Amino acid sequence: MQTTDTNLATIIDRIDANWADFRASYAGLSDEEMLIHDVSGDWSVRDILAHGADWDALVLSILPGILETGRHPEHDEANADLDAYNARMTEETRHLSLDEVRRELEDTHRRLLDYLGTVDADGFAANAAFRKRLAADTWDHYPEHTAAIRAWRERRS
């Protein structure tokens with residue numbers, strides 16, 4: 001996890017690059033392919049997109065408090081039991097259509113970037129907990145799912 005870089009603009013560029021790679025990993029898939037359930041465990045590409053939206057929303061809800069206090073929240077359900085959190089969120093989003101998931105993913109990511117655009121660069125540089133959480137939930141997280149989708153596509157071809 002690369003959290004030593006304290007330049008906010010550089011970090012946003014890193015997030016953008018990994019996000020673009022993530023989006024490219026599923027570009028060109030048909031809607032039917034996006035719903036096949038063996039991409040990453042039992043998850044489909046659609047499930048991975050919903051997962052990405054969930055995590056961008058989660059980090060967006062947590063970062064302001066970390067920026068203010070310099071600490072992670074005392075109760076962080078996602079990190080307390082990561083597997084249980086992911087399973088619960090997968091079930092909670094199972095009813096969403098592929099189009100709804102796509103919209104939520106793009107909207108949530110845009111809101112995260114909009115928020116980061118409001119963060120004071122000096123406050124960002126001084127807050128290691130903020131940088132660590134942002135890294136874990138964005139530029140270090142997206143490549144995990146990018147690789148899974150690409151590996152699945154390779155297995156299928």
Side-chain angles (χ1 to χ4, degrees), residues 1-29 34 39-41 43-86 88-90 92-93 96 98-154:
M1 188 180 308
Q2 299 176 347
T3 58
T4 57
D5 194 332
T6 61
N7 183 296
L8 181 57
T10 300
I11 296 305
I12 291 172
D13 288 346
R14 187 175 297 149
I15 291 168
D16 284 342
N18 286 356
W19 181 255
D21 286 345
F22 174 61
R23 292 180 78 220
S25 74
Y26 59 87
L29 290 174
M34 302 266 299
V39 178
S40 182
W43 282 1
S44 64
V45 172
R46 179 228 162 272
D47 294 331
I48 293 171
L49 300 185
H51 171 78
D54 291 338
W55 277 89
D56 273 4
L58 177 68
V59 75
L60 186 55
S61 73
I62 291 174
L63 287 176
I66 296 173
L67 190 61
E68 183 179 318
T69 66
R71 296 184 317 271
H72 284 90
E74 285 186 33
H75 176 71
D76 183 351
E77 174 189 6
N79 284 326
D81 188 342
L82 184 61
D83 291 336
Y85 177 81
N86 284 336
R88 184 174 64 77
M89 295 309 293
T90 298
E92 286 185 13
T93 60
L96 298 175
L98 177 57
D99 285 339
E100 289 170 320
V101 167
R102 286 179 176 133
R103 279 191 300 273
E104 182 65 22
L105 177 71
E106 294 301 325
D107 180 61
T108 305
H109 190 71
R110 180 194 45 75
R111 286 188 292 118
L112 175 61
L113 292 177
D114 288 349
Y115 167 71
L116 291 175
T118 70
V119 172
D120 175 70
D122 291 335
F124 174 82
N127 194 321
F130 185 97
R131 294 190 315 274
K132 182 178 180 181
R133 185 59 188 252
L134 182 62
D137 293 348
T138 62
W139 81 81
D140 282 346
H141 188 209
Y142 306 145
E144 172 187 343
H145 299 297
T146 300
I149 294 169
R150 286 191 173 137
W152 173 75
R153 290 182 85 159
E154 184 65 29

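What you are looking at is a predicted structure, and each value in this text was computed from that prediction instead of being measured.
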[X] vs [Y] side-chain heavy atoms within contact, under 4.5 Å:
X	Y	value
L67	Y115	yes
P143	D21	no
T146	N18	no
V45	L98	no
I11	L116	no
I149	F22	yes
W152	L29	yes
L49	M34	yes

Subject >> R46 side chain to V101 backbone, donor-acceptor under 3.5 Å >> reply: no

Original post:
Who pairs with W19 by side chain to side chain donor-acceptor pair (under 3.5 Å), at least two apart in sequence or on another chain?
Top reply: none

[X] side, atom [atom1]; [Y] side, atom [atom2] - distance, nearest 0.5 Å:
X	Y	atom1	atom2	value
E104	L96	CD	CG	7.5 Å
D56	L60	CG	CG	8.0 Å
L105	H51	CG	NE2	11.0 Å
S25	R153	OG	CZ	7.5 Å
L134	I62	CG	CD1	11.5 Å
H145	I48	NE2	CD1	6.5 Å

Original post:
Is it the case that W55 and N86 place a side-chain donor and acceptor less than 3.5 Å from each other?
Top reply: yes

Original post:
Can a donor-acceptor pair be found between the side chains of S44 and D47 at a distance below 3.5 Å?
Top reply: yes

**OP:** Looking only at non-hydrogen atoms, find the nearest pair between G70 and N127 and report the distance.
**Re:** CA-ND2, 3.6 Å

Original post:
Of the non-hydrogen atoms in T108 and A53, which two are nearest, and what is the gap between them?
Top reply: CG2-O, 3.4 Å

Residues [X] and [Y] bridged, charged N to O under 4.0 Å:
X	Y	value
E106	R111	no
E92	R88	yes
D137	R133	yes

Subject >> Trace of the salt bridge (Lys or Arg N to Asp or Glu O under 4.0 Å) decision for D114 with R110 >> reply: CA-CA 6 Å; D114 288 349; R110 180 194 45 75; 3.0 Å; yes

**OP:** Return the orientation label for the H109 and Y142 ring planes: parallel under 30°, perpendicular over 60°, tilted otherwise.
**Re:** perpendicular

